[in-house]
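Here the structure comes first, spelled out in structure tokens, and everything after it is commentary.
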Protein chains: 2
Amino acid sequence: MRPTMRDVARHAGVSLKTVSRVVNGEVGVRPDTAEKVNDAISALGFRRNDIARALRGGKRTRSLGLVIKDVANPFYSQIARGVEEVARLHDLFVISGCSDEDPARERHLIRSLCERRVDGLLVVPSAADHRYLIPELNMGTAAVFMDRPPEEAIRADVVLIDNVGGARSAVEHLIAHGHRRIACLADLPGIFTARERRRGYDEALQAHGIPVDESLVRLGPHDVAGAEAATAELLALGDPPTAVFAGNNRLTIGALRAIQAAGTRTALVGFDDFELADMLATPVTVVAHYPAEMGRRAAELLCRRMNGEDLPPQRVLLPTRLIVRGSGESPPI
Amino acid sequence: MRPTMRDVARHAGVSLKTVSRVVNGEVGVRPDTAEKVNDAISALGFRRNDIARALRGGKRTRSLGLVIKDVANPFYSQIARGVEEVARLHDLFVISGCSDEDPARERHLIRSLCERRVDGLLVVPSAADHRYLIPELNMGTAAVFMDRPPEEAIRADVVLIDNVGGARSAVEHLIAHGHRRIACLADLPGIFTARERRRGYDEALQAHGIPVDESLVRLGPHDVAGAEAATAELLALGDPPTAVFAGNNRLTIGALRAIQAAGTRTALVGFDDFELADMLATPVTVVAHYPAEMGRRAAELLCRRMNGEDLPPQRVLLPTRLIVRGSGESPPI
DNA sequence: CACTAAGACGACAACGTTGTCATCTCATCC
DNA sequence: GGATGAGATGACAACGTTGTCGTCTTAGTG
């Protein structure tokens with residue numbers, strides 16, 4: 001179906017190798033020969049076969065694998081965007097797959113990507129054992145992890161958000177506005193970022209001599225409805241919190257709903273910025289971070305590895321920024 | 001670096017072909033031989049090289065190319081998600097690239113994807129000439145377009161949203177609530193979906209015997225700020241509109257801002273649903289559609305083509321749904 | 001004119017796999 | 001006991017490209 005260099009060569013009356021030279025812009029071809037070849041290429045609609053090229057070269061497929069939870073989720077799609085930007089600069093293609101947080105699927109994806117001989121791997125790891133990756137890494141496939149670190153045993157670069165610092169800044173913001181009874185909505189404790197953010201909450205309170213009141217901490221709400229219910233419960237306490245720190249954007253929305261429903265002036269700071277946070281009835285104060293930057297940094301690290309740089313494993317911590325919009329500045333009642 | 005089947009064969013004391021048989025689960029290998037081979041595979045950490053496989057097979061790379069404007073944009077990332085779901089079912093990988101609406105980049109992407117011998121192409125075309133694709137299509141690369149049709153000259157499947165019908169339903173909803181002076185915010189007229197939605201607006205008015213008042217139509221606002229300014233201008237008219245139809249979600253947000261700022265009770269229906277539309281101070285009535293479904297349908301069509309089905313070019317029109325939330329039901333003043 | 005060297009071009013092997021076909025080993029059967 | 005055939009295994013070519021090296025042409029030199 002598709003013509004090969006051999007077909008082009010026949011059509012132009014030259015050898016296969018001469019076509020290769022023209023296609024690759026190598027020197028040592030007379031201009032008139034090159035023209036004949038180019039004419040044949042246009043006439044036949046020839047496209048160099050990168051599959052054969054990668055095989056013959058034996059080295060690079062000029063592609064990298066990206067394993068995320070779900071492209072439809074803005075957090076991950078922004079990561080993907082950052083990765084794609086860097087890949088473009090290096091003339092690489094991104095082959096991506098969604099793990100949907102399923103360890104088996106993640107493993108299958110990574111395995112398939114290795115079989116396709118991607119030059120490198122960018123992974124947001126699910127909470128599972130990643131030791132199966134070690135042979136792949138030893139075999140020379142570079143890998144960089146994002147958002148969550150893999151097991152100790154895996155020596156690879158990681159790019160993380162400063163979860164602890166970001167959470168601390170949120171809670172300190174509330175403390176600075178006079179709050180002492182501050183609730184914490186954290187996601188499932190199996191999730192790395194949830195644990196880290198919860199740790200930031202604890203650290204902020206301790207740093208200001210406020211004892212952690214476990215009755216104000218809710219581990220486990222994982223979606224908007226769960227967070228709404230948990231917040232409603234907190235607000236119904238005899239001695240309710242005057243402020244809420246929500247560990248991610250879904251929890252923030254849930255908390256917001258409950259607070260609106262309760263009609264209180266409870267202060268709220270959420271982790272993760274989200275679109276329209278400034279357009280809501282009460283604009284939401286958030287700890288913002290930059291997923292695209294995470295993708296970029298990870299991809300850059302990966303490219304350095306792919307180019308053979310041999311640094312010790314890097315651990316990059318990306319800063320967060322508190323965006324003050326209103327919901328976090330209500331005084332305690 | 002990475003072991004090949006030849007290495008495995010040597011290690012197991014069998015022939016290359018026997019390893020191939022074991023790896024591919026072919027029949028005709030004694031269990032004990034298979035075990036020796038599997039042991040060697042584990043010992044060496046062998047991974048079949050899909051590059052070589054694709055070359056030898058000559059046929060399928062089991063991958064498809066996806067060209068969209070920008071993964072970070074929720075509309076496109078949901079398309080990507082739909083595509084990925086179908087790809088997963090067919091054991092295909094998705095290689096994606098962002099065109100950023102740059103025709104040159106789009107062309108480069110498509111060309112590179114063809115050089116990688118993707119089995120099929122899914123494209124949201126930019127407003128440009130796509131005739132360069134014709135040779136690729138003739139050469140047997142299947143292609144399906146999404147969201148916007150390519151030129152007449154290109155015979156390929158297209159999956160579109162029912163832009164005209166959706167816009168008409170929005171405007172008819174406003175008419176049903178008693179509005180006669182309905183403004184229209186449309187994006188740049190170079191954009192296919194903007195033209196179509198504008199057409200739906202016209203058709204709805206005409207169907208109800210309401211003359212189109214060009215002074216209420218704004219072509220050109222392309223972002224939130226532009227829509228906000230345009231809407232402010234409309235509201236400041238001596239005889240302002242009592243309702244606004246906004247042609248996409250950015251324009252809807254802009255219109256909403258202007259209406260809030262003006263403090264009027266102007267009704268608003270927007271094309272495109274968006275997250276938190278129900279959480280805003282005034283929940284927004286929208287014409288919703290399902291980008292992930294578009295990705296799925298397009299990918300399914302593509303897979304049928306890739307499997308050799310030879311139908312005439314299909315044109316799929318996906319329905320929209322009006323979601324009533326409040327902003328579209330204010331009566332005229 | 002003979003000799004040299006650079007420049008242009010081609011022949012061939014190799015990348016790692018799989019399809020085709022040949023060979024080899026046994027158990028079975030008359 | 002030899003013929004038969006099924007089952008297991010291997011040798012080899014081919015996929016489309018590029019690296020290596022050899023050959024041929026031609027311009028330049030003495």
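Chain letters run A, B, ... following the sequence lines, proteins first and then strands; every chain starts at 1.
- Axis deviation across the helix from C:dC1-D:dG30 to C:dC30-D:dG1 amounts to 60°, comparing end segments of five pairs, rounded to 10 degrees.
- Remark: B:Glu152 engages no residue in a side-chain hydrogen bond (donor to acceptor under 3.5 Å, both in side chains) (not counting sequence neighbours).
- Of the residues in residues 13-20 of chain A, A:Leu16, A:Lys17, A:Ser20 come within less than 4.0 Å of DNA chain D through at least one heavy atom, sorted by number.
- Salt-bridge annotation for B:Lys69 and B:Asp100: absent, with no side-chain N of the basic residue lying under 4.0 Å from a carboxylate O of the acidic one.
- Taking B:Ala128 as the reference, B:Pro103, B:Ser126 meet the side-chain contact (heavy atoms from CB on, under 4.5 Å) condition, with sequence neighbours excluded.
- Qualifying side-chain contact (heavy atoms from CB on, under 4.5 Å) partners for B:Asp162, counting only residues two or more places apart in sequence or in other chains: B:Val164, B:Leu317.
- Of the charged side-chain nitrogens involved, at least one lies within less than 4.0 Å of a carboxylate oxygen, so that A:Arg81 and B:Asp70 count as a salt-bridged pair.
- Among residues at least two apart or in separate chains, there is no side-chain hydrogen bond (donor to acceptor under 3.5 Å, both in side chains) pair with a member in residues 34-44 of chain B.
- The phosphate of D:dG16 has neither OP1 nor OP2 within less than 4.0 Å of any side-chain N or O from A:Arg56.
- Shown here are the salt bridge (Lys or Arg N to Asp or Glu O under 4.0 Å) partners of B:Asp310, two or more places apart in sequence or in another chain: there are none.
- The nearest whole Å value for the distance from the CZ atom in B:Arg21 to the C1' atom in C:dT17 is 13 Å.
- When rounded to the nearest whole Å, the span between CZ of B:Arg10 and P of D:dG10 equals 14 Å.
- For the salt bridge (Lys or Arg N to Asp or Glu O under 4.0 Å) test, no residue two or more places apart in sequence or in another chain qualifies with B:Glu300.
- C:dC15 atom P lies 17 Å from atom CZ of B:Arg2, rounded to whole Å.
- Rounded to an integer number of Å, the gap from CD of B:Glu26 to P of D:dG10 is 14 Å.
- Sorted by first and then second residue, the salt bridge (charged side-chain N to carboxylate O under 4.0 Å, His left out) pairs involving residues 129-139 of chain B (not counting sequence neighbours) are A:Arg2-B:Glu136, A:Arg47-B:Glu136, B:Asp129-B:Arg131.
- B:Glu84 meets the salt bridge (Lys or Arg N to Asp or Glu O under 4.0 Å) test with A:Arg105, B:Arg88; sequence neighbours excluded.
- A heavy-atom distance below 4.0 Å to DNA chain D is reached by these residues of residues 29-51 of chain B, ordered by number: B:Val29, B:Arg30, B:Thr33.
- For the salt bridge (Lys or Arg N to Asp or Glu O under 4.0 Å) test, no residue two or more places apart in sequence or in another chain qualifies with B:Lys17.
- Atom CG in A:Leu55 sits roughly 14 Å away from atom C1' in D:dG19 (whole-Å rounding).
- The side chain of A:Met5 lies closest to D:dT17 when the candidates are C:dG10, D:dT17, D:dG10.
- Here C:dG10 presents its P atom at 13 Å from CZ of A:Arg6, a figure rounded to the nearest Å.
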